[in-house]
Structure formats: C-alpha cells, structure tokens
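Worksheet: the structure to be examined is printed underneath.
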Amino acid sequence: MKNFTKLLAVILVFVIALSTAACSLTPQYSYKTDDAELAIGVYIYALYSAYSQAESLAQQTEGYDSEAGTYDGSKSFLDVQITDEDGVTATADQWIADEADTAVKNLLAVEHEFNRLGATIDEATMQGYEASAKEYWEYGPYYSMYGEQYINPYKDIFEPLGVSYESFEYFYIASAMQEVVFDTLYAADGEKAVSDKELTEYFEDNYTSYTYFNTNLYEIVEETSEEGEALSSNKALSKKEVNKKKDQYQGYVDSINNGSDIKDVLDSYAKDNDLEGEQGTSNVEIMADSTIGEDLVTAIEKLDESKASYEIIGEEDSRVIYFFYKEPIKEQTKNYIEDEANRKSVLQNLKGEEFTDYIDQVANKLNITISRAVKKYSPKMFEA
C-alpha cells in the first residue's frame, strides 16, 4: 500500500466486498488503543479483503489452472507463494494475515491522528458519506446506476451474518477521517505543508497535457442471417480511402508542427468529417495512471511538447487512425493547480506514499492491544 489512493482503497474495499464473513455484534474488540477500539468484525473484514487480494495474486502464478480452478493441483491457494505489487513474497496465508494486521492497525492510526489534530468532518461531507452508506445498505451498489431491477441490498447479505448498519457505516466514516487527516497535515498551515513551488515542480515533471481524435478505417456492414437474425461485421476501407485519411491526418500534423493552434486543427477535423460540437479528447494526467490504452499512451509519450503525430492502430478490419498532440505542460500549470480538486489530486499523488509511510509509523508507535479472539479467525474460514 504505497500511495494515498491505495490506502483509501483498503478502507473502502471492506465496504464493497461481498464478504461471507460474520461480524460480531457483541462488545468484543479485535484491536484497541487507550482511546479507541475496533470490533472483531473489523478484523474479519480486513482478513476477507486480504483474502480476496491474495486470491487474485495467486491466480497470476504459473501453477494456476483457470479451467480446473486449482493451484498446483490444489483447490486451496493458501500455501501458494505470491508476490504483490510492492515485491513482497510470502505464502498466501501469511500474506493475508500480515495484510489484515497492517490494515486494522492503520485504521487505529488514522483515528489517532484525527483526534490528535483536533480534526472534524464538516456536516455536508458527513451527510454525503452517510447517504452513500444508507443507499448501499438499503439498495445495493447498482441501484443508482441501473434502477430498481438491480436492487441488491447489502443489509440482506450482512444482517443475517450479524452485521449492524452502524458497523457497515463505520467504514465510510473511516474513509472520511483519513481524507481529513491528509488534508490537515498537508494544508498550507499544516505540519507537513507543501509549497507551491514543490507542487508546481512535481506537476510539470510528472503530468502530461494531450489531445487526440480518431477515425475508423473500416465500416460496419449490417446483414441478415438465413434465420432472419441481424448480424454486423467490419469491412476494411479500400486502400484509396485509407490513403485519403492518411493525407488528411498528415495535414493536421503538419499544421501543428508548423505552429497552428490545436483549436484550429480540431475545427478542421470537425469540418472535414461533418461533425458538430466539441471534438477530440483532451486530458491532463500522469500517463502511467492513464486508462486510454497502452498503444495510445505510448504514442503520446513519444511526442515532444508542442508536436503532433498520427498512427494507425488495430487489426486489418478494425484499424483506427489517431491524431495525437502534446501540449506544453507549463501552459496548464496555473489553471490546473489553482483548481481546488485538481490541486488536491496532485498533492495526493505527490505525497501519497509519504502519507502511507507516516500512517505506518504512527501505527507502529501506538500501544495496540490485540484480542485473543483474533486467533480464532484465519483465511481458511473463507474457503468453501
């Protein structure tokens, strides 16, 4: 867990994972400090979350047979050697135990820092977290997107297992606390304040501003089968039509490389293709975190700032021609950094690993008592 996003995800995954683990409604604690204690159910959630992560890692090992669902011939993956993204290698059962232990201790560390800093969660933010928790509890994760036909209340899953709504809601509140702790520590007047100069340098060294647009080099052919079933297939454009598109895209590239503004090129693209409205996709991001696809990332990263290129990507009957432009990142700095949400995102990327290490350090210094009841639970409880 080496950045802010991952640490936050560790907390949230306890909420959204459809755990088969029962959570105790008794006062029995799992881990506690002098001023806070976590129920045994919190540990079980952490253990199940780690179990799910370990299972995914085990499925990436050479011994995994996806058809048989076995690991080196065994249905259990708990004895399999796994390696996580931080390079830590261990048997799955040991990795799960260590990961769950760290996660729960970090929750106590976050709560400790929240109290030490005298931090608060504003009413509007708290209401938002509570509303989200309530919606998931009453309707499930897909209701807001797809409507009543996708109602799958978490309470129907968790209440029979002994999980109260208050226990469920806690994880939303813990997420809010972590975010507030980060914001407080790295605020302009915080203990770990970051200067505008440092933030600007990080932004300009790590972020890329780009624009791209594309045209298919194939057409979709609609057909009807003998049974009357509607079918569709791709038909590659002729060589002549492809060459025409190449010339068109080369023109866009030449315009940029000869000093034209990207807005003028986008207007030309819209006019040439009879398109209305804003065209192209523009973004400012760290390319290593981009979701636009490896081929597009590679093409953009190859470009010098203020330059453009075009590339054809895909197979013969599904090829697409792309135009790429990389804007000088300094032209984005002022507006991007001054936007509160963007600034916070940059700050989290800059200081996320440091923050995670800091929370680990706080956890290691706390006087944490672990209940003997924790020993009753192991990853084996989640195996069928």
Side-chain angles (χ1 to χ4, degrees), residues 1 3-25 30 38-60 66 69 77 84-85 96 99-100 102-104 106-107 110-111 121-180 182 285 289-292 341 344-345 348 352 377 379 381-384:
M1 303 300 170
N3 62 47
F4 179 88
T5 304
K6 291 177 186 174
L7 186 61
L8 183 60
V10 166
I11 297 174
L12 289 176
V13 76
F14 305 151
V15 178
I16 62 176
L18 299 185
S19 172
T20 58
C23 294
S24 174
L25 290 178
S30 58
L38 301 176
I40 194 67
V42 173
Y43 177 74
I44 297 172
Y45 268 120
L47 196 67
Y48 183 79
S49 173
Y51 177 91
S52 299
Q53 295 174 63
E55 185 174 27
S56 295
L57 293 171
Q59 290 173 353
Q60 299 171 27
S66 59
F77 65 86
D84 63 25
E85 59 187 35
I96 293 166
E99 194 75 6
T102 297
V104 176
N106 282 349
L107 287 173
V110 166
E111 188 163 347
I121 302 173
D122 67 80
E123 185 176 353
T125 299
M126 182 61 77
Q127 288 177 350
Y129 276 96
E130 290 173 346
S132 295
K134 199 70 174 179
E135 180 180 315
Y136 273 55
W137 184 255
E138 296 290 344
Y139 302 104
Y142 306 114
Y143 171 73
S144 62
M145 293 182 289
Y146 304 114
E148 293 185 359
Q149 66 270 33
Y150 285 93
I151 290 178
N152 184 27
Y154 275 176
K155 68 176 182 180
D156 290 351
I157 299 168
F158 292 119
E159 277 188 337
L161 299 173
V163 182
S164 68
Y165 173 72
E166 289 72 23
S167 295
F168 181 80
E169 186 187 46
Y170 167 77
F171 296 99
Y172 284 84
I173 298 171
S175 298
M177 283 196 294
Q178 178 182 289
E179 194 159 351
V180 169
F182 180 91
E285 63 179 341
D289 298 333
S290 179
T291 59
I292 61 176
K344 185 172 181 177
S345 176
Q348 289 176 354
Y377 304 95
M381 66 186 289
F382 305 115
E383 294 191 319

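- Residue Ala54 comes nearest to Ile96 through the heavy atom pair CB-CG1, 3.5 Å, listed as atom of the first residue, atom of the second, then distance.
- Using a 4.5 Å heavy-atom threshold, the side chains of Phe77 and Glu55 count as touching.
- Remark: side-chain polar atoms of Ser345 are not paired, donor with acceptor, to backbone N or O of Ala341 under 3.5 angstrom.
- Scanning both residues, Ile40 and Tyr377, for their nearest heavy atoms gives CG1-CE1, 3.5 Å.
- A distance of 9.0 Å separates OG in Ser175 from CE in Met177, rounded to the nearest 0.5 Å.
- In this structure, OG in Ser49 is found 13.5 Å from CD1 in Ile44, a value given to the nearest 0.5 Å.
- Taking Lys344 as the reference, Glu179, Asp183 meet the side chain to side chain donor-acceptor pair (under 3.5 Å) condition, with sequence neighbours excluded.
- Among residues two or more places apart in sequence or in another chain, the side chain to side chain donor-acceptor pair (under 3.5 Å) test is passed with Ser290 by Glu285.
- For Glu130, the side-chain contact (heavy atoms from CB on, under 4.5 Å) partners are Met126, Glu169, not counting sequence neighbours.
- For Glu148, the side-chain contact (heavy atoms from CB on, under 4.5 Å) partners two or more places apart in sequence, or in a different chain, are Tyr143, Ile151.
- Qualifying side chain to side chain donor-acceptor pair (under 3.5 Å) partners for Ser56, counting only residues two or more places apart in sequence or in other chains: none.
- Taking OH of Tyr139 as the reference point, atom NZ of Lys155 lies at 8.5 Å (rounded to 0.5 Å).
- Closest approach of Val104 and Val42 over heavy atoms only: CG2-O, 4.3 Å.
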Does the side chain to side chain contact (heavy atoms under 4.5 Å, CB included) test come out yes or no for Lys134 and Tyr165, once each step is laid out? CA-CA 8 Å; Lys134 199 70 174 179; Tyr165 173 72; 3.7 Å; yes
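- With sequence neighbours left out, the ring pair (Phe, Tyr, Trp, His ring centres under 6.0 Å) criterion links Tyr150 to Tyr146.
- Ala46 and Ala103 make their closest contact through CB-CB, 4.4 Å (heavy atoms, listed as atom of the first residue, atom of the second, distance).
- Residues Pro379 and Tyr51 approach most closely at O-CE1, 3.6 Å, considering heavy atoms.
- Within the 4.5 Å cutoff, no side-chain heavy atoms of Ile121 are placed close to those of Tyr129.
- Put simply, OH on Tyr142 and OH on Tyr136 are 8.5 Å apart, with the number rounded to the nearest 0.5 Å.
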